[in-house]
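Single-structure report; data block below.
When a ligand or atom number is given, it counts from 1 through the structure's own listing order.
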Amino acid sequence: MTQSLILSTLTKTYQGVPALRDVSLSVAPGERVALLGHNGAGKSTMMKIILGLIGHDSGTVEVLGGAPGSAGAREGTAYLPENVAFHPALTGLEQMRHYLRLRGEPVGTAMDLLARVGLADAARRRIGTYSKGMRQRVGLAQALIGRPRLLVLDEPTSGLDPVSRRDFYELLDGLAAEGASILLSSHALTEVEARTDRLVILSGGVVVTQGALTDLRRQADLPVMLHVTPRDGARDDLAAALPQGRMNGTGVHLHCAQDDKLATLRRITGLGDMVSDIDVIPPSLEAIYSHFSRRDGQ
Ligand SMILES: Nc1ncnc2c1ncn2[C@@H]1O[C@H](COP(=O)(O)OP(=O)(O)OP(=O)(O)O)[C@@H](O)[C@H]1O
């Protein structure tokens, strides 16, 4: 399948200081990729290069089969910056019509676009009266102009409440199902875990790992946590039978290596009546993320 975006051994330095080093990454049609990284990891720099706003030192970048910033790449790519700014005196509808005119698209679609992001009711209100989340949604409506094939979204859900975030990801799911490629940066780890196909962790300008969460979990090989709940009256016996664990209010907490998980579970179930329940808690995305970020010395 032809990739919508291909970065190959991309390097960028600012006044001799590296911001991206040997970054290789591709995004296929219909794929949703999350770019994760600490502040200063290089996410915005990567996005600006993809958009053709800044150049790069070495490596290659192909956006929708062309060079970044080329007419073909610009036409098919939508961008949502981290901090969207609009004219506060314009209504949502006026602002959208303005963008549509600039893009040579029919202005009659302004209301449809606003409705897609849940702003139909507020369309005739001045943007100055919108909440941050509503302004973010105007930004998203603007990014949907012209049915883009590649969406580059810089922290698109910052400032959105949980319901708006859910609606936002549903919208992205629909666009991906129609074949759009999505590259988004985020600090909200748990939400991207569930709503994207692949995670790319950038640390100090280097891609330290990428893959589906299950691949990252396997690679990180972090311990699994088990929580064992005792049967009534068996609390002390259970604590004595699992001396490597730590008793808390509801039961015994213990950790084991991934490879020992089944053996440990067999040992616990072998305790028979002492045990009323076992919860297996895999490492969180936060733990996996810190593991890979720390590995690069950050
Ligand atoms: N115009 C610039 N001149 C010099 N250094 C820059 C410039 N822009 C970015 N940098 C540096 O490049 C590195 C990467 O910055 P970038 O903005 O790409 O990170 P980021 O991952 O987007 O961070 P954040 O999550 O804070 O937005 C940082 O060390 C930053 O200080």
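A heavy-atom separation below 4.0 Å is not found between Met47 and ligand 1. Using a non-hydrogen distance threshold of 4.0 Å, Gly37 does not register as a contact of ligand 1. Judged by the shortest distance from any of its heavy atoms, Met46 lies outside the 4.0 Å radius around the atoms of ligand 1.
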Under 3.5 Å, sequence neighbours excluded: what are the donor-acceptor pairs made by side chains of residues 107-124?
residue: Thr109; atom: OG1; partner: Pro106; partner atom: O; Å: 2.8

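Considering backbone and side-chain atoms alike, Lys48 places every N or O at 3.5 Å or more from each N or O of ligand 1. Residue contacts with ligand 1: Ala41 is placed with a nitrogen or oxygen under 3.5 Å of a nitrogen or oxygen of the ligand (distance criterion only).
In terms of protein heavy-atom proximity, atom 23 (O) of ligand 1 is closest to Gly40 N, 2.7 Å. Nearest protein heavy-atom neighbour of atom 26 (O) of ligand 1: Asn39 ND2, 3.0 Å. Ser44 CB, 3.8 Å is the protein heavy atom nearest to atom 17 (O) of ligand 1. Counting protein heavy atoms only, atom 3 (N) of ligand 1 is closest to Tyr14 CD2, 3.6 Å.
Here the two rings, on Tyr289 and His38, have centers that are under 6.0 Å apart.
Of all the atoms in ligand 1, the ones that sit under 4.0 Å from a non-hydrogen atom of His187 are 25 (O). Near Lys43, the atoms of ligand 1 lying under 4.0 angstrom from a non-hydrogen atom of the residue are 18 (O), 19 (O), 20 (P), 21 (O), 22 (O), 23 (O), 24 (P), 25 (O). Atoms of ligand 1 lying under 4.0 Å from any heavy atom of His38, numbered from 1 in the order shown and given with element: 21 (O). For ligand 1, the atoms sitting less than 4.0 Å from at least one non-hydrogen atom of Thr45 are 14 (C), 15 (O), 16 (P), 18 (O), numbered in the order shown with element in parentheses. When each atom of ligand 1 is checked for a heavy atom of Gln15 under 4.0 Å away, the hits are 4 (C).
Going from atom OG of Ser26 over to atom CG of Leu5 covers 7.5 Å, rounded to the nearest 0.5 Å.
Summarising the geometry of Val207 relative to Ser24, their closest heavy-atom pair is CG2-O, 4.5 Å, with the distance given to 0.1 Å. Of all heavy-atom pairs spanning Ile281 and Val224, the tightest one is O-CG1, 3.8 Å. The two residues Met47 and Leu183 come nearest to each other via the heavy atoms CE-O, 4.1 Å.
Few gaps surround CG on Asn248; more than 12 heavy atoms of other groups in view lie less than 6.0 Å from it. Around atom CD of Glu170, more than 12 heavy atoms belonging to other residues, nucleotides or ligands sit under 6.0 Å away.
Ion pairing of Asp154 with Lys43 is absent here, as no side-chain N (NZ or NE/NH1/NH2) approaches a carboxylate O to less than 4.0 Å.
The nearest protein heavy atom to atom 30 (C) of ligand 1 is not closer than 4.0 Å.
Applying the salt bridge (Lys or Arg N to Asp or Glu O under 4.0 Å) rule to Glu178 yields the partners Arg147; only residues at least two apart in sequence or on another chain are considered.
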